[in-house]
Amino acid sequence: MLDSKDISRVVKEIRSKLNLSQEELAAKLGVSFATVNRWENEKITPRGKAKDAILKLIEESGLDQDSLENAVNTGADHQKRRRKLSKDDVLSTKSMEQMLWSAACSIRGEKDAPKFKDYILPLVFIKRLSDVFEDEIERLAETYGDKETALTIIEADHQLVRFYIPAEARWPVVSGREKFNCPEDRKPKTLGEQLTMTVRTIAKANPSLTGVIDIVDYNETRSGEREISDTALSGVIETLSDPRYRLGLYDVEPDFLGRAYEYLLRKFAESQGQSAGEFFTPTEVGWLMAYILRPRQGEEVYDFACGSAGLLIKCELALQEREIKIQRPLKLYGQELTGSSYAIARMNMVVHDMEGEIVRGNSMTNPKFKDSDSSLKKFDIVVANPMWNQPFDQAVYENDPFDRFESQGGVTTGKADWAWLQHAAASLSAHGRAAIVLDTGAVTRGSGSKSEDREKKIRQWFVERDWIEGVILLPDNLFYNTTAAGIIVFFNKVKSQARQGKIILVNAGREFKKGRPKNYIPDENIRKIANAYIKGEDVEKFVKVITTAEAAENDFNLSPSRYVDVNAGESYRPIPEILAELGVLEKKAKAINADLDVIFNKLGTQVGGESL
């Protein structure tokens with residue numbers, strides 16, 4: 001039953017029969033709320049201990065498996081029975097995208113809308129916080145008897161809710177659906193001023209949100225003109241206030257904000273081309289990295305170019321999928337240069353309630369996570385998608401106080417791809433592992449050339465130390481700043497005995513579906529690639545496991561396409577077979593001609609001759 005495609009309805013039916021919310025079921029099973037949510041949205045299926053826990057709950061609760069399955073299969077009315085806080089279905093991806101795009105288009109015309117994501121996302125975040133706050137009030141009202149009593153108790157003790165939203169900052173007030181008697185000396189003169197006051201009020205009541213949502217001035221003017229008019233802001237608020245777009249505990253998936261950010265980044269990248277694409281790592285690439293790295297409880301994970309923190313969060317979500325109970329969550333650390341991405345990364349961490357620290361700065365010239373002035377902090381896992389082929393001044397490498405380059409293969413040339421890999425290696429513990437997304441040229445440049453090449457020399461250094469565990473070639477046209485394929489380079493400082501002296505090369509160039517404007521890797525293909533890599537065995541036209549000696553024989557070219565040819569080779573039929581077939585066809589032709597002669601003779605005409 002739990003292996004069926006109806007797992008979503010099975011879990012919903014269990015909750016219905018036991019009258020449990022997603023949170024309550026998660027607590028009974030010893031899993032996270034996110035895990036139950038993903039079961040019900042058919043993102044994952046229960047496995048291992050989680051599956052056993054569900055079966056045990058069914059047995060202990062006296063639920064009959066046959067009747068439970070029959071109820072699911074016949075679409076019983078109980079399927080839709082849920083607690084009043086929840087909705088029948090979470091906000092779909094399509095609906096979320098429509099909401100965000102409508103909001104963006106309310107600010108400016110479609111052509112310019114994407115660049116205003118930095119104004120939209122804090123409002124989406126406020127809407128999410130406000131809707132969750134309402135859900136928490138409803139939950140406490142069940143305990144204390146009514147909503148008014150629950151509110152009074154919350155006002156006295158803000159610790160009862162995760163984020164306390166002051167009355168004047170709650171969405172019904174923001175949207176104008178409820179009135180708030182603001183003192184005359186503090187009454188906002190414009191909607192922009194009201195929104196700015198709202199974000200600052202929420203940040204003041206919740207110090208952890210300071211510097212996260214209060215960095216935008218919605219009343220900003222330049223050259224005497226408002227950056228965004230009240231009319232445009234009102235359009236965004238009306239879009240977000242649509243009842244279809246509620247963002248409470250049971251209305252959206254736990255990673256909603258990250259997906260919203262990624263969607264707007266993607267739309268921004270489509271509009272602006274290469275100016276924005278470098279900030280966006282396709283979601284499926286992040287999942288692939290997380291599934292292969294298989295983070296373990298309590299590990300420390302670092303992303304030195306973290307963007308919206310999507311790669312870090314997917315590592316934690318992948319752990320939640322695999323483990324029935326998370327006693328020691330991952331500790332997540334990220335550094336990001338861009339101010340807007342840094343703010344969204346912190347929002348993303350807050351929404352997911354994940355442990356860690358996000359800092360701002362350039363990780364190449366000023367890494368913030370250090371054990372001392374001359375030593376970087378060491379992590380269990382490093383994940384990153386740095387800007388490809390990024391140029392740095394040579395002095396950055398030659399005068400490095402952390403000795404990331406000279407001692408690890410030497411100083412690179414103009415392109416920073418291997419410098420980033422050297423930074424990742426210097427940030428790994430003695431047993432650490434890493435996955436870094438780069439341009440395909442990073443694993444080929446210099447190979448086959450008679451002249452000395454610094455990048456090849458660094459590759460050789462890493463291969464000879466047996467730190468490179470594998471390379472995956474991704475499909476073309478996934479990334480928004482280029483149509484070129486990327487690669488993922490995997491490090492492992494302590495390979496298993498079976499993998500020592502070997503490098504796993506996966507050519508995943510065909511594992512995609514066409515999309516507009518970009519291709520994408522379907523979920524089943526993500527699993528296929530990850531499983532093949534983890535298994536680490538040769539698969540024709542897909543996986544090739546080479547030795548470090550073979551890598552040396554090929555001048556340290558580590559491109560999967562060199563070793564795994566996915567193209568169908570030309571095939572030739574034997575000439576005698578073709579001649580025999582022609583002979584058979586000639587005999588058939590003669591027989592047909594003879595039959596035609598008979599027919600035409602009967603009609604008084606001779607084939608090939610004159611009329612009689």
Side-chain angles (χ1 to χ4, degrees), residues 285 288-289 292 386 388-389 405 407-422 424-425 433-476 482 484-511 529-530 532-570:
V285 175
L288 180 59
M289 295 162 73
I292 289 175
W388 300 357
N389 304 320
F405 313 112
S407 65
Q408 295 191 122
V411 173
T412 188
T413 50
K415 297 179 175 65
D417 291 346
W418 276 94
W420 284 122
L421 289 170
Q422 289 169 314
R433 55 205 190 279
I436 312 297
V437 182
L438 294 171
D439 171 43
T440 54
V443 291
T444 62
R445 285 191 289 263
S447 295
S449 173
K450 294 182 179 179
S451 59
E452 185 70 20
D453 184 89
R454 292 186 181 183
E455 280 193 302
K456 185 181 74 174
K457 184 180 177 182
I458 298 170
R459 277 202 307 277
Q460 178 179 348
W461 188 91
F462 276 85
V463 169
E464 290 177 345
R465 272 147 192 79
D466 203 17
W467 283 1
I468 297 181
E469 183 179 73
V471 179
I472 295 178
L473 175 64
L474 297 167
D476 292 337
T482 180
I487 57 168
I488 309 174
V489 179
F490 290 87
F491 284 175
N492 194 333
K493 285 192 173 183
V494 184
K495 292 183 181 179
S496 66
Q497 187 172 358
R499 294 199 171 182
Q500 289 175 10
K502 297 177 182 178
I503 300 173
I504 303 164
L505 302 174
V506 181
N507 190 336
R510 289 188 167 186
E511 304 300 320
I529 299 167
Y533 183 97
I534 292 169
K535 192 173 183 180
E537 296 178 359
D538 287 356
V539 179
E540 187 178 1
K541 298 186 181 299
F542 190 37
V543 183
K544 177 66 177 176
V545 181
I546 66 170
T547 64
T548 52
E550 287 178 276
E553 290 170 6
N554 286 277
D555 206 19
F556 300 98
N557 183 327
L558 301 180
S559 173
S561 60
R562 182 178 181 86
Y563 305 88
V564 185
D565 183 10
V566 299
N567 297 316
E570 295 183 3

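The basis for the numbers below is simple: all heavy atoms, side chains too, and nothing from hydrogens, waters or symmetry mates.
To the nearest 0.5 Å, the span separating CZ on R459 from CG on N557 amounts to 6.5 Å. The OG atom of S449 lies 12.0 Å from the CD atom of E455; values are rounded to the nearest 0.5 Å. Here the straight-line distance linking atom NZ of K502 with atom OG1 of T548 works out to 11.0 Å at 0.5 Å rounding.
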- Item | Derivation of the salt bridge (Lys or Arg N to Asp or Glu O under 4.0 Å) call for R445 and D417 | CA-CA 11 Å; R445 285 191 289 263; D417 291 346; 2.9 Å; yes

- Task: Evaluate the criterion side chain to side chain contact (heavy atoms under 4.5 Å, CB included) for residue pair W461 and R465; output intermediate values, then yes/no.
- Result: CA-CA 6 Å; W461 188 91; R465 272 147 192 79; 2.9 Å; yes

- I487 vs L474, side chain to side chain contact (heavy atoms under 4.5 Å, CB included): CA-CA, chis, key distance, verdict: CA-CA 6 Å; I487 57 168; L474 297 167; over 6 Å; no

- Message: Using the rule given for salt bridge (Lys or Arg N to Asp or Glu O under 4.0 Å), can you reason through K495 versus D466, listing the C-alpha separation, both sets of side-chain angles and the distance that settles it, and then say yes or no?
- Response: CA-CA 8 Å; K495 292 183 181 179; D466 203 17; 2.6 Å; yes

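Relative ring orientation between F462 and F491 is described as parallel, the plane-to-plane angle staying below 30° on a 0-90° scale split at 30° and 60°. In this structure, F490 and Y533 have tilted ring planes: the angle between them lies in the 30° to 60° band.
The closest side-chain heavy-atom distance from W418 to K457 is not below 4.5 Å. Side-chain atoms of R499 and E469, non-hydrogen and from C-beta on, do get closer than 4.5 Å to each other. Contact check for I503 versus L558: side-chain heavy atoms found under the 4.5 Å cut-off. The shortest distance between side-chain heavy atoms of P560 and V471 falls below 4.5 Å. Residues V437 and W388 have side chains in contact (heavy-atom distance under 4.5 Å, counting atoms from C-beta outward). Counting heavy atoms from C-beta on, the side chains of I472 and I292 come closer than 4.5 Å. Residues I546 and Y563 are in side-chain contact: their nearest non-hydrogen atoms beyond the backbone lie under 4.5 Å apart. Under the 4.5 Å side-chain criterion, counting only non-hydrogen atoms from C-beta, P386 is in contact with L438.
Using a 4.0 Å cut-off between charged nitrogen and carboxylate oxygen, R562 and D555 do not count as a salt-bridge pair.
Heavy atoms only, all atoms of each residue included: R454 and T412 are closest at NH1-O, 3.5 Å. Heavy-atom minimum distance, A485 versus L473: CB-CD1, 4.1 Å. Residues E537 and V543 share a closest heavy-atom pair of O-CG1, 3.3 Å. When all heavy atoms are compared, the tightest approach of I436 to A424 is CD1-CB, 4.0 Å. The minimum heavy-atom distance between T444 and S559, with the atom names listed, is CG2-CB, 3.5 Å. The minimum heavy-atom distance between K541 and D565, with the atom names listed, is CG-O, 3.4 Å.
Residues meeting the ring pair (Phe, Tyr, Trp, His ring centres under 6.0 Å) test with F542, sequence neighbours left out: none.
Looking only at distances, no side-chain donor or acceptor of N554 sits under 3.5 Å from a matching main-chain atom of F556. The backbone N or O of A442 sits nowhere less than 3.5 Å from a side-chain atom of D439 that would complete a donor-acceptor pair. With hydrogens and angles disregarded, no donor-acceptor distance shorter than 3.5 Å links the side chain of E511 to the backbone of A508.
Within 6.0 Å of NZ in K415 there are 12 or fewer heavy atoms belonging to other residues, nucleotides or ligands.
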